[in-house]
Peer 1: 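Mind looking over this structure? Questions follow.
When a ligand or atom number is given, it counts from 1 through the structure's own listing order. Just so it is clear, the model here is predicted, and its values are computed rather than measured. No hydrogens, no waters, no symmetry mates; every other heavy atom, side chains included, goes into these values. Residue numbers run from 1 in the order of the sequence given.
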Amino acid sequence: MTRAVLTLNAGSSSLKVALYPEAGTEPLASGMADRIGAEGVLTLKDASGAAIGAAGDIGSHAAAITAVIEGFRAHWPDLELLAIGHRVVHGGVAHTAPVSVDAETLEDLARLSPFAPLHQPHNLAGIRAAMAAFPGVPQVACFDTAFHRSHPWVNDTFALPRALYDEGVRRYGFHGLSYDYIAGELARSAPHLATGRVVVAHLGNGASMCAIQDGRSVASTMGFSALDGLPMGTRSGQLDPGVVLYLMDQKGMGAGEISDLLYKQSGLLGLSGLSNDMRTLEGAGTPEAAEAIDYFVFRCQREVGAMAAALGGIDALVFCGGIGENSRLIRARICERLGWMGIEVDHAANAANARVISSDLARTTVLVMPTNEELVIARAARAAVGLMEDAA
Ligand code: AMP
């Protein structure tokens with residue numbers, strides 16, 4: 001019998017999946033469905049990278065989930081699905097940990113959709129589809145906001161009339177599954193750092209930083225939405241709200257247009273006029289691509305300073321995410337002006353993508369740690385059905 005838990009990350013027209021065994025850190029299989037609703041394509045691979053045949057109709061999330069399971073069942077005819085873990089962007093104020101989902105919880109989570117209209121409805125559609133396809137299987141929601149609920153009030157609020165705070169206009173913070181994973185890995189592999197003041201830079205197509213003290217989040221660059229903080233692939237990052245007023249008043253732009261501008265046309269793409277992809281920009285050689293990188297680096301440097309200030313100092317800086325884990329150039333450039341906070345890169349170690357890239361004499365340890373949000377979800381799904389945490 002192949003007993004396993006499934007992780008699902010449902011976007012507007014995409015679905016990322018991974019199948020994990022009862023214990024251990026390596027998935028049995030993973031996959032991705034793209035362009036759901038159009039001419040959707042589903043690709044599934046086993047642990048060796050070999051394709052698992054999974055053709056099928058993927059006109060909807062429900063159909064995609066069914067096709068995923070049919071693909072896995074064709075490969076493992078004795079597959080028993082123990083639980084399904086879902087990435088859900090928003091858990092609001094109440095959810096500080098993963099939760100088993102029933103119809104009532106689903107309704108509560110749907111009430112948070114106005115806070116994350118581009119993601120939450122799709123995440124919940126994924127849960128509904130999985131519930132319909134596998135009625136007896138426990139569904140577990142894992143929230144991007146949950147890790148940050150330890151923020152003190154001063155990092156949770158905006159300086160707006162209090163009624164808005166009370167109705168939920170707060171700095172929630174996101175990428176919590178990634179920070180949860182990094183905090184856990186640090187506790188396991190570098191306990192002397194895990195109990196200290198750590199700034200984690202999750203730099204990918206979405207990007208944010210988190211200030212972690214003794215394993216708990218005290219501040220993050222993302223706030224009410226996943227637009228705030230660092231510039232990203234296509235998102236603006238931190239912005240004077242006066243710009244939004246200008247766009248509305250002087251240019252007559254509506255909410256939909258502004259949303260499209262800030263979420264889809266800004267960031268590295270907007271600045272470079274070329275691409276949202278850091279690797280492409282690093283190889284582009286145009287002045288605009290160089291300036292987009294300059295801006296990204298500068299804002300990262302500023303925010304490392306801001307996170308360290310929230311912590312009252314810094315013992316370690318951790319890079320993760322596609323850019324953080326792979327771009328020697330961006331890591332070196334962010335660190336090069338942070339010598340005043342004890343950060344000094346060993347260039348050979350950085351070029352080798354080593355785990356520790358700070359020089360031996362540096363006061364602050366700089367680490368590169370691959371993050372693993374799927375594993376955090378898989379562990380929550382296992383825990384929901386009483387499986388013990390793996391020792392790794
Ligand atoms: P993620 O969203 O975490 O998958 O990260 C995607 C980002 O990582 C994209 O901007 C990629 O261009 C970037 N990335 C991945 N590998 C590299 C690399 N070797 N050098 C520079 N950027 C990279």
Side-chain angles (χ1 to χ4, degrees), residues 7 9-18 27 30-34 43 45 87 89 118-119 122 144 147 174-182 185 200-210 220-222 226-227 229-237 263-286 288-300 303 318-336 345 347 349-355 357 366-377:
T7 67
N9 182 352
S12 56
S13 61
S14 69
L15 181 73
K16 284 190 213 146
V17 300
S30 58
M32 169 96 191
D34 251 335
T43 18
K45 290 179 186 161
R87 182 177 188 168
V89 71
L118 300 185
H119 296 98
H122 305 297
D144 272 312
F147 186 70
F174 297 88
H175 286 142
L177 300 174
S178 174
Y179 296 128
D180 194 350
Y181 177 81
I182 297 290
E185 276 300 287
V200 183
H202 177 112
L203 308 180
N205 202 31
S208 71
M209 288 184 192
C210 182
S220 170
T221 59
M222 277 180 174
L227 267 182
L230 303 174
M232 305 173 220
T234 59
R235 285 174 255 168
S236 62
Y263 276 99
K264 298 190 177 147
Q265 297 173 37
S266 297
L268 295 175
L269 174 66
L271 283 174
S272 69
L274 180 70
S275 173
N276 65 317
D277 190 275
M278 186 60 87
R279 219 172 339 186
T280 304
L281 297 184
E282 285 185 14
T286 66
E288 292 82 5
E291 282 183 354
I293 293 176
D294 288 347
Y295 182 77
F296 183 83
V297 167
F298 177 63
R299 299 305 301 201
C300 285
E303 294 302 327
V318 178
F319 286 104
C320 64
I323 298 170
E325 290 164 31
N326 298 299
S327 176
R328 306 158 170 88
L329 174 81
I330 299 297
R331 287 193 306 255
R333 284 201 52 198
I334 290 172
C335 290
E336 83 192 351
V345 163
H347 289 286
N350 183 44
N353 274 328
R355 177 181 158 84
I357 61 166
V366 184
L367 297 139
V368 178
M369 295 176 69
T371 194
N372 194 339
E373 291 153 310
E374 276 72 29
L375 184 55
V376 173
I377 300 171

Peer 1: How long is the gap from CG on L269 to OG1 on T280, to the nearest 0.5 Å?
Peer 2: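 L269 atom CG to T280 atom OG1 measures 11.0 Å (nearest 0.5 Å).
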Peer 1: Counting heavy atoms only, name the option from L329, N353, T371, D277 that's nearest to atom 9 (C) of ligand 1.
Peer 2: D277
Peer 1: Apply ring-ring contact (aromatic ring centres under 6.0 Å, His included) to F174 and list each qualifying residue two or more places apart in sequence or on a separate chain.
Peer 2: H90
Peer 1: Just how far is it from atom CD1 of I334 to atom CZ of R299, taken to the nearest 0.5 Å?
Peer 2: 13.0 Å
Peer 1: Which ligand 1 atoms does G204 reach within 4.0 Å, using its non-hydrogen atoms?
Peer 2: 1 (P), 2 (O), 3 (O), 5 (O)
Peer 1: Looking only at protein heavy atoms, which one is nearest to atom 3 (O) of ligand 1, and how far off is it?
Peer 2: G322 N, 2.9 Å
Peer 1: Give yes or no for whether the N/O distance cutoff of 3.5 Å, strictly under, is met between T280 and ligand 1.
Peer 2: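 No - when backbone and side-chain N and O of T280 are compared with those of ligand 1, no distance drops under 3.5 Å.
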Peer 1: What protein heavy atom sits nearest atom 2 (O) of ligand 1, and how far away is it?
Peer 2: N205 N, 2.8 Å
Peer 1: Could you tell me the separation between the OG atom of S208 and the CE atom of M232, rounded to the nearest 0.5 Å?
Peer 2: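 Spacing of OG (S208) from CE (M232) equals 7.0 Å.
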Peer 1: Please write down residue, atom name and distance for the protein heavy atom closest to atom 22 (N) of ligand 1.
Peer 2: R279 N, 3.7 Å
Peer 1: Does any N/O atom on H202 come nearer than 3.5 Å to any N/O atom on ligand 1?
Peer 2: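 There is no such contact.
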Peer 1: Looking only at protein heavy atoms, which one is nearest to atom 7 (C) of ligand 1, and what is the separation?
Peer 2: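 Going by distance alone, atom 7 (C) of ligand 1 is nearest to I323 CG1, 3.8 Å.
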Peer 1: Measure the shortest side-chain to side-chain distance between V376 and T371 over non-hydrogen atoms and say whether it is less than 4.5 angstrom.
Peer 2: no
Peer 1: In the protein, which heavy atom is nearest to atom 17 (C) of ligand 1, and how far is it?
Peer 2: N326 CB, 3.5 Å
Peer 1: How long is the straight-line distance from CG of N205 back to CD1 of I323, given to the nearest 0.5 Å?
Peer 2: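 With rounding to 0.5 Å, CD1 (I323) is 7.5 Å from CG (N205).
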Peer 1: Among protein heavy atoms, which sits nearest to atom 10 (O) of ligand 1, and what does the distance come to when rounded to 0.1 Å?
Peer 2: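 I find the closest protein heavy atom is M278 N, 2.9 Å.
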Peer 1: Looking at residues at least two apart in the chain, or sitting in another chain, which of them share a ring-ring contact (aromatic ring centres under 6.0 Å, His included) with Y179?
Peer 2: H148
Peer 1: Judged by modelled atom types alone, do E282 and S327 share a side-chain donor-acceptor pair under 3.5 Å?
Peer 2: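 Side-chain D/A pair, E282 to S327: present.
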Peer 1: Between E325 and ligand 1, which residue portion shows a heavy-atom distance shorter than 4.0 Å: side chain, backbone, both, or neither?
Peer 2: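 It is neither; nothing of E325 touches ligand 1.
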Peer 1: Hey, does G321 come in under 3.5 Å of ligand 1, counting only N/O atoms on both sides?
Peer 2: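 Checking ligand 1 against G321, no N or O pair falls under 3.5 Å apart.
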Peer 1: For a side chain to side chain donor-acceptor pair (under 3.5 Å) with E373, tell me which candidate from R87, H175, K16, H202 qualifies.
Peer 2: R87
Peer 1: Taking only heavy atoms of E282, which atoms of ligand 1 are found under 4.0 Å from at least one of them?
Peer 2: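 Near E282, the atoms of ligand 1 are 21 (C).
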